[in-house]
Amino acid sequence: MIPRNLNPTPALDYRSHIHLTGKAKVQQLNCGKGKSLTIAAKNNIDMSTDILLTLRQEPWITDKGQPPHAINCDMLFPTETNAKFVTYIRKNLGFHSRISATYKECILSMTATIGNATSEFINVYAPNKKETQNFLEKHKPFADFFLAGDFNTQHPDWYGSLTRSLLDPDF
């Protein structure tokens with residue numbers, strides 16, 4: 001786990017004056033390792049003034065083995081190279097964030113405090129549903145938490161009778 005400068009710092013470009021107006025947004029997206037989608041999602045947070053953080057799963061990674069950096073964002077990911085997910089955290093908004101828990105290389109939990117309010121954000125890229133279940137049995141999240149990601153679970157309703165027949169041998 002490589003924390004990236006979690007203390008808000010002044011930006012060096014024109015966005016250093018960003019202040020949230022209205023409600024802050026939290027985004028989640030599985031990029032499917034696609035370069036175009038990963039860069040489009042990164043550009044979305046670069047251009048936005050109201051996205052507080054974004055949780056990405058399966059991002060395209062650069063030649064250096066890391067997801068692309070976003071303007072005025074810190075990045076959290078579980079491994080130095082070839083991370084299966086990344087959390088981008090907006091800088092310069094006057095909140096404090098820290099990693100609160102990790103589980104293997106598939107779950108990273110962080111807390112963000114704004115004023116007196118603290119929320120927990122859990123980013124998941126789980127190879128199977130047992131990993132998420134094991135984590136949640138051991139880790140007790142804050143009362144105010146956001147759990148999002150790719151859980152690699154199947155649901156029979158997603159693909160109708162085809163999935164039911166594949167998952168249930170008695171079907």
Side-chain angles (χ1 to χ4, degrees), residues 1-62 64-103 105-115 117-127 131-132 135 139 141-142 144-153:
M1 161 183 45
I2 311 297
R4 301 279 192 243
N5 187 18
L6 296 180
N7 296 322
T9 56
L12 300 176
D13 67 292
Y14 71 98
R15 295 177 186 272
S16 62
H17 65 282
I18 291 175
H19 297 287
L20 285 176
T21 56
K23 296 188 180 218
K25 293 180 183 175
V26 175
Q27 291 184 327
Q28 181 272 328
L29 176 68
N30 185 312
C31 296
K33 300 180 186 173
K35 182 176 182 178
S36 296
L37 183 55
T38 300
I39 290 174
K42 180 205 79 73
N43 291 343
N44 183 42
I45 195 170
D46 284 348
M47 300 305 293
S48 171
T49 58
D50 59 354
I51 298 172
L52 178 63
L53 61 99
T54 182
L55 298 88
R56 302 278 187 250
Q57 298 80 42
E58 292 190 288
W60 166 78
I61 54 175
T62 67
K64 295 179 181 178
Q66 296 181 349
H69 290 269
I71 296 171
N72 284 322
C73 287
D74 292 319
M75 295 170 45
L76 298 176
F77 41 91
T79 60
E80 184 64 36
T81 58
N82 302 320
K84 293 185 178 5
F85 63 90
V86 60
T87 301
Y88 293 97
I89 307 162
R90 174 78 63 200
K91 294 181 186 179
N92 305 322
L93 294 177
F95 73 94
H96 302 284
S97 59
R98 68 175 183 83
I99 294 173
S100 59
T102 60
Y103 183 75
E105 293 181 357
C106 59
I107 299 174
L108 185 140
S109 174
M110 59 150 296
T111 57
T113 302
I114 303 173
T118 300
S119 297
E120 183 172 10
F121 300 90
I122 304 169
N123 193 355
V124 176
Y125 180 77
E131 299 296 353
T132 307
F135 172 77
H139 177 74
F142 280 56
D144 185 15
F145 74 98
F146 180 86
L147 173 69
D150 184 341
F151 301 93
N152 276 306
T153 58

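- Between the Arg56 side chain and the Val86 main chain, no donor and acceptor come within less than 3.5 Å of each other.
- Side chains of Thr102 and Pro78 form no contact here, defined as non-hydrogen atoms less than 4.5 Å apart.
- Considering only heavy atoms from C-beta on, Pro68 comes within 4.5 Å of Trp60 through its side chain.
- With hydrogens and angles ignored, the 3.5 Å screen pairs no side-chain donor or acceptor of Asp50 with any backbone N or O of Lys25.
- For Pro67 against Ile61, the heavy-atom pair with the smallest separation is N-CG2, 3.9 Å.
- Side-chain contact check for Met110 versus Ile89: some heavy-atom pair is nearer than 4.5 Å.
- Heavy atoms only, all atoms of each residue included: Thr118 and Thr111 are closest at CG2-CB, 4.0 Å.
- When the side-chain contact (heavy atoms from CB on, under 4.5 Å) test is applied to Ala70, the partners found at least two apart in sequence or on another chain are Lys42, Ile45, Asp46, Cys73, Tyr88.
- With a 4.5 Å cut-off on side-chain heavy atoms, Asn44 and Gln27 count as touching.
- Leu147 is listed as a side-chain neighbour of Val124, based on a closest heavy-atom distance under 4.5 Å.
- In this structure the side chain of Cys106 reaches within 4.5 angstrom of the side chain of Pro127, judged on heavy atoms.
- Considering only residues two or more places apart in sequence or on other chains, Glu105 meets the side-chain contact (heavy atoms from CB on, under 4.5 Å) condition with Thr79.
- At least one side-chain heavy atom of Phe121 sits under 4.5 Å from a side-chain heavy atom of Val26.
- With hydrogens and angles ignored, the 3.5 Å screen pairs no side-chain donor or acceptor of Gln57 with any backbone N or O of Tyr125.
- Between Leu76 and Asn123 there is no side-chain heavy-atom pair separated by less than 4.5 Å.
- Interatomic distance, NZ of Lys91 versus CG of Asp74, reported as 5.0 Å (0.5 Å rounding).
- Checking side-chain atoms of Thr81 against main-chain N and O of Gly65 turns up no donor-acceptor pair under 3.5 Å.
- Here the shortest heavy-atom pairing between Ser109 and Ile122 reads OG-CG1, 3.7 Å.
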